[in-house]
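Chain naming here is simple, since letters A, B, ... match the order of the sequence lines and numbering starts at 1 in each.
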There are 2 protein chains.
Amino acid sequence: MPQVNAPRLKAGRPPTTSRAQILAAARGLIDRNGWERLTIRKLAAEIGVGATTLYHHVQDKEDLLFLLINEYGEQVSHPGLPEEPRERVIAAAATIHDALAAWPWAAEVLTTDGFIARLGDSPLGLVEAVVAGAIDYGCTPDHAVYVFRSIWYYTVGEILVRSHTARRGNGAATTHHGAFFGNIDAEKLPHLAALGDRWAVLAPRDTYVDGLRALVDGLLAQGVAARA
Amino acid sequence: MPQVNAPRLKAGRPPTTSRAQILAAARGLIDRNGWERLTIRKLAAEIGVGATTLYHHVQDKEDLLFLLINEYGEQVSHPGLPEEPRERVIAAAATIHDALAAWPWAAEVLTTDGFIARLGDSPLGLVEAVVAGAIDYGCTPDHAVYVFRSIWYYTVGEILVRSHTARRGNGAATTHHGAFFGNIDAEKLPHLAALGDRWAVLAPRDTYVDGLRALVDGLLAQGVAARA
DNA sequence: ACCTGAACACCGTTCAAGT
DNA sequence: ACCTGAACACCGTTCAAGT
């Protein structure tokens, strides 16, 4: 879309809608109603413009979401990361996690493509921090990429499971006579039966960083073991 | 829907559509066209029945997908799991992973609710195996639930990222003059710049089990450390 | 160059009516 | 009890026509 990025002088009718305006309105709608309720038609109505007008400023809905994520990604603050490599990996991953937790729909979109090549420099800075931390710890570059990918899987999974179950509330958990598990076979599933409702108490706990530490410890240990 | 589960004798018009028939047709359509293309209307057309008829046999589309998953879950084979607790955890998790890899849409649906309470005994057997393995290793039941949840995040994330990027192919990876990362700032992102196209080579590698081992090692170590 | 309404090809779901 | 078509309230996107 070169006509959008590099406007020529003295062209025809001047624009009344800008890409920035569209993104701002989209962001407002998502923050108010949730991303699953964002539609092109509602977005156009919000701006006060025909639905089809938006297609002059973005390629399609997916393109719109990517633009939005990159805009959001630029705003994610990069805190001063620790010097120590392992702690740097953990801090960078936790920053990614917290950014996604605030905008869980981004996690959903980020799984839907080879996204990393399309991210801007700012969000990539956190990817760089994870990779650099692993290398500084003593991993090979190849292993560092594997470290990042593994952390990414864990992080995305946590975000998606958490955001989806939060949407529904705990109502479904107590469908069958107050027990978390329905009519469970205590013979075949003794530990789950013994846990009973305890599962529902444990499930909502935020254990992201604990699990992250476990994962990173294991990944880095593999990295230095492979060197020997 | 008690009228479906417990049919009374001598009721009115006999059914020409059964829930089993609907599930079989749905499964066929998903296997042929992918789950994102399954619609109630197409499913009804496949069976040769009005779209609205399906609502007499399933509550709604989500209910249909849950029924399908539970049916599939019953068929997942439980291989003889290893005796050794750590290996049992890994083998059970890998079985869950492989089942989901064959039906990635199930992973998508399984994040959309407090699913675990609604699963049948057979798929829960693998959850039991993970929890039992962690406890046998020396973890508390509470920690064992945390172990399962962490593994679940990692597994679901891997499945979703992998299935979504597979759909698109690697075409998007080489948009900008053959480089995986677009126009990257080598000053600010030295390690990513140095990796360059190597990332695209590493990304498709199946490292699920490796990462799982790293995660489980870390999680179990935390579990026995907490005991001391 | 930019914007528009009409139109296309769909969705999931409800509901009154038929058998 | 089971099945139906019509209808409701939506979608994303294309395209010829207007300014």
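- Residue A/E187 qualifies as open at atom CD: its count of foreign heavy atoms under 6.0 Å is 12 or below.
- A side chain to side chain contact (heavy atoms under 4.5 Å, CB included) with A/L43 is found for one member of A/L64, A/L23, A/V58, A/I30 and no other, namely A/L64.
- Look at CG on B/L54: it is 11 Å from C1' on D/dC3, rounded to the nearest Å.
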> For DNA chain C, what string of dots and brackets results from 5' to 3' when Watson-Crick and G-U pairs need both distances under 3.5 Å, crossing pairs get [ ], and pairs with another strand get |?
Replying inline: ||.|||||...|||||.||
> Going through the checks in order, is the side-chain contact (heavy atoms from CB on, under 4.5 Å) test met by A/V127 and A/V130?
Replying inline: CA-CA 5 Å; A/V127 179; A/V130 170; 5.9 Å; no
So which protein nitrogen or oxygen atoms get under 3.5 Å of nucleotides 9-13 of chain C's nitrogens or oxygens?
{"unit_1": "C/dC11", "atom_1": "OP1", "unit_2": "B/T39", "atom_2": "OG1", "d": "3.4"}
{"unit_1": "C/dC11", "atom_1": "OP1", "unit_2": "B/K42", "atom_2": "NZ", "d": "3.4"}
{"unit_1": "C/dG12", "atom_1": "OP1", "unit_2": "B/I40", "atom_2": "N", "d": "3.3"}
{"unit_1": "C/dG12", "atom_1": "OP1", "unit_2": "B/K61", "atom_2": "NZ", "d": "3.1"}
{"unit_1": "C/dG12", "atom_1": "OP2", "unit_2": "B/I40", "atom_2": "N", "d": "3.1"}
{"unit_1": "C/dG12", "atom_1": "N7", "unit_2": "B/R41", "atom_2": "NH1", "d": "2.3"}
{"unit_1": "C/dG12", "atom_1": "O6", "unit_2": "B/R41", "atom_2": "NH1", "d": "2.8"}
{"unit_1": "C/dT13", "atom_1": "OP2", "unit_2": "B/Y55", "atom_2": "OH", "d": "2.7"}
{"unit_1": "C/dT13", "atom_1": "OP2", "unit_2": "B/K61", "atom_2": "N", "d": "3.1"}
{"unit_1": "C/dT13", "atom_1": "O5'", "unit_2": "B/Y55", "atom_2": "OH", "d": "3.3"}

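- Between B/W103 and B/W105, the ring planes are tilted. Angles from 30° to 60° get that label.
- Between A/E108 and A/H164, the closest side-chain pair of non-hydrogen atoms falls below 4.5 Å.
- Comparing D/dC2 with C/dA17, their C1' atoms sit 13 Å apart, to the nearest whole Å.
- Note on A/E46 versus A/R41: no salt bridge recorded, every NZ/NE/NH1/NH2 to OD/OE distance being 4.0 Å or above.
- With respect to B/R198 and A/D142, a salt bridge is recorded, a charged nitrogen being found less than 4.0 Å from a carboxylate O.
- Contact check for B/L38 versus B/L65: side-chain heavy atoms found under the 4.5 Å cut-off.
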N/O-N/O pairs, protein side and nucleotides 16-19 of chain C side, under 3.5 Å:
{"unit_1": "C/dG18", "atom_1": "N2", "unit_2": "B/R13", "atom_2": "NH1", "d": "2.8"}

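- Atom CG of B/L189 and atom CD1 of B/I184 lie 5.0 Å apart (nearest 0.5 Å).
- OP1 or OP2 of D/dC3 sits under 4.0 Å from a side-chain N or O of B/T16.
- In the displayed structure, A/R32 atom CZ is contacted under 6.0 Å by more than 12 heavy atoms of other residues, nucleotides or ligands.
- Atom CD1 in A/I47 sits roughly 15 Å away from atom C1' in C/dT4 (whole-Å rounding).
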